[in-house]
Student: 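This is the structure I have questions about; it appears just below.
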Amino acid sequence: MTFSWEKGTGYLIHFPESQKETETILEIVRPLFENPAIRKIGQNMKYDIQVLANYGIEVKGPLFDTMIAHYLLEPDMRHNMNLLSESYLGYSPVHIESLIGEKGNNQKNMRSVPVDKLMEYAVEDADVTYQLKMIFEPKIISGGLADLARDIEMPLISVLAAMERNGVKLDLEDLKSITINLREDIISLEKEIYTLAGTEFNISSPKQLGDILFIRLKLDEKARVTKTKQFITNEEILQRLTNKHPIISKVLEYRGLKKLLSTYVEALPLLVDKKTGRIHTSYNQAVAATGRLSSNNPNLQNIPVRDARGREIRKAFVPEKGHVFLSADYSQIELRLMAHLSKDESMIADFLSGNDIHAATASKIFGVEIDKVTREMRSRAKTANFGIIYGISSFGLSERLTIGRKEAKDLIDGYFNSYPGVKIYMDESIRKARDLGYVTTMFGRKRYLPDIHSRNQVVRGNAERNAINAPIQGSAADIIKIAMIRIFDRMKSEEYLSKMILQVHDELIFETATSELEKLKDLVIFEMSNAVKLDIPLKVDWGTGNNWFEAH
DNA sequence: CGAGTCACG
DNA sequence: ACGTACGTGACTCGA
């Protein structure tokens with residue numbers, strides 16, 4: 001592990017043989033790492049912070065992470081150190097693989113590398129990092145990204161490190177019984193499908209399934225195909241064929257259950273950490289071009305919730321004894337941001353009225369009193385509101401509402417008549433992207449959109465939708481990051497026992513000591529609601545429970 | 001290792 | 001005549 005200080009010195013911490021030597025070294029470096037007046041520089045510092053935490057050292061003081069800095073400078077690119085070194089320093093560092101071998105089971109431990117080799121690697125690592133810092137920091141400042149870096153991204157690193165280390169407990173018994181049920185159901189569906197098809201085949205193979213449905217059973221003479229000339233067999237297509245043949249609904253159910261089994265129910269238990277007995281996701285702070293986080297190994301940001309059977313999996317995420325889950329989420333944050341950023345008076349008024357926003361939209365675009373809005377009208381308005389955030393097109397909306405292009409266009413025209421400021425704002429975002437080459441979030445995060453000048457209208461259309469969506473999605477990401485930092489700081493300074501454990505884009509989940517529940521709930525709601533002052537309030541919904549299902 | 005599919009916000 | 005809703009990660013198949 002290597003670190004740099006302001007003076008550019010490389011530090012090597014080797015992994016000593018004896019316990020005594022380890023302790024000596026730790027006590028030498030501890031005052032440095034724990035000194036809040038010393039700014040630490042590193043590449044992917046979340047990792048280093050965790051290694052040090054394993055040795056009981058808490059890294060304090062400001063951070064400057066070159067990976068994160070480059071993410072802010074070039075959010076669409078990749079940020080690993082060798083790549084950065086090659087493109088900014090014209091120098092190819094020693095690959096870690098040359099010391100410990102390729103990734104996989106045979107990858108050696110750092111401890112097995114001879115100390116002289118290790119030293120060379122470590123010193124180079126610190127040197128490269130420091131040189132990158134010297135290049136990136138001025139760019140961050142001149143790019144108007146200093147506040148975002150100093151106040152949000154760099155402080156967030158420690159928050160994420162702690163959340164990852166906290167992890168979340170899984171009820172393995174619960175998952176086991178889900179597994180048994182799923183396996184049974186899958187086997188019987190399999191048999192039914194083979195009977196209905198009149199032959200056995202691999203249902204999980206889109207190619208084989210397509211051939212069965214569209215050649216053997218001839219369920220659609222005009223079946224559409226992919227670029228690779230396979231039949232499309234996705235859910236949307238299959239749904240439309242439900243009435244054509246009883247095999248369809250069986251296949252859909254089979255697909256759904258297989259997904260649950262392989263992606264969640266069977267996979268999650270394998271990722272329980274032997275030492276902690278918990279699941280530790282890792283958050284990637286530098287992949288999503290809009291500024292969102294992502295989660296992997298496992299991805300805990302896509303645990304099923306929409307469908308009843310999938311939602312059961314959430315019951316297996318449980319707090320420790322004496323604890324309860326608290327979940328708090330921003331209500332309609334992206335649409336609220338559209339209202340705020342566009343300053344559209346009528347959308348602001350709709351939010352301030354306290355009415356259901358989709359019903360209010362429906363009332364306007366369909367020209368009926370709000371209490372005369374039907375479920376169907378509300379549902380369409382909701383789809384339109386989503387479309388607006390994504391950078392609507394009449395084609396896209398018509399696909400989702402299964403209506404004609406003309407009808408969709410009329411709906412959009414009606415929408416813009418109701419919320420004229422939104423139309424003006426969207427045009428302004430695209431104009432800004434053309435003029436500057438990028439768009440920004442409320443906190444100055446940039447996304448470059450070079451394709452905005454493309455002569456190819458498909459490519460250009462994509463950039464135009466990004467010009468509309470990125471400031472919205474990105475501002476929402478900025479806001480929850482601010483809330484996370486403030487909540488984390490307060491939980492530490494006010495000595496809470498509870499832990500922040502998960503973030504799912506607009507939602508935070510806490511494993512709360514039961515005695516702290518009321519206080520923590522107020523703290524979380526306050527900090528989330530007040531992370532930023534908008535023209536309309538940020539609404540925060542919350543729930544508690546003895547598992548994630550109940551709390552959500 | 002790309003393609004197809006599908007889980008989430 | 002084109003072909004698109006925004007952002008991710010994981011699994012399975014099959015060349």
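Per chain, numbering begins at 1; letters A, B, ... match sequence-line order.
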Student: Can you check whether A:R447 has a side-chain N or O nearer than 4.0 Å to OP1 or OP2 of C:dC6?
Tutor: no
Student: From the list B:dC6, B:dG9, C:dA5, which nucleotide is the closest neighbour of the side chain of A:K259?
Tutor: B:dC6
Student: Does the side chain of A:R292 get closer than 4.0 angstrom to OP1 or OP2 of B:dG9 through an N or O atom?
Tutor: no
Student: How is A:A289 classified with respect to the nucleic acid when contacts are heavy atoms under 4.0 Å: base, sugar-phosphate, or nothing?
Tutor: sugar-phosphate
Student: At 4.0 Å (heavy atoms only), tell me whether A:A470 reaches a base, stays on the sugar-phosphate, or touches nothing.
Tutor: nothing
Student: Mind listing the N/O atom pairs, protein and nucleotides 13-15 of chain C, below 3.5 Å?
Tutor:
from: C:dC13; atom 1: OP1; to: A:N202; atom 2: ND2; distance (Å): 2.8
from: C:dC13; atom 1: O3'; to: A:S205; atom 2: OG; distance (Å): 3.1
from: C:dG14; atom 1: OP1; to: A:S205; atom 2: OG; distance (Å): 2.4
from: C:dG14; atom 1: OP1; to: A:Q208; atom 2: NE2; distance (Å): 3.2

Student: Counting just side-chain N and O atoms, does A:N462 come under 4.0 Å of either OP1 or OP2 of C:dG3?
Tutor: no
Student: Verify side chain to side chain donor-acceptor pair (under 3.5 Å) between A:T361 and A:Y419, making sure each step is shown before the conclusion.
Tutor: CA-CA 9 Å; A:T361 302; A:Y419 300 121; 3.1 Å; yes
Student: For C:dG9, take OP1 and OP2 only and decide whether either is under 4.0 Å from a side-chain N or O of A:S295.
Tutor: no
Student: Measuring to OP1 and OP2 of C:dT4, would you say a side-chain N or O of A:R400 lies under 4.0 angstrom away?
Tutor: no
Student: Using a 4.0 Å heavy-atom cut-off across all strands, classify A:N466 as base, sugar-phosphate, or nothing.
Tutor: sugar-phosphate
Student: Could you tell me whether A:N299 contacts a base, only the sugar-phosphate backbone, or nothing, with contacts defined as non-hydrogen atoms closer than 4.0 Å?
Tutor: sugar-phosphate
Student: Between B:dC6, C:dT4, C:dT8, which nucleotide has the shortest distance from any of its atoms to the side chain of A:F395?
Tutor: C:dT4
Student: At under 4.0 Å, does any side-chain N or O of A:T263 touch on OP1 or OP2 of B:dC6?
Tutor: no
Student: Among C:dA10, B:dA7, C:dC6, which nucleotide sits nearest the side chain of A:P304?
Tutor: B:dA7
Student: Can you check whether A:T226 has a side-chain N or O nearer than 4.0 Å to OP1 or OP2 of B:dG4?
Tutor: yes
Student: Report yes if at least one side-chain N or O of A:S393 is closer than 4.0 Å to OP1 or OP2 of C:dA5; otherwise report no.
Tutor: no
Student: Report yes if a side-chain nitrogen or oxygen of A:R255 is closer than 4.0 Å to either non-bridging phosphate oxygen (OP1 or OP2) of B:dC6; otherwise report no.
Tutor: yes
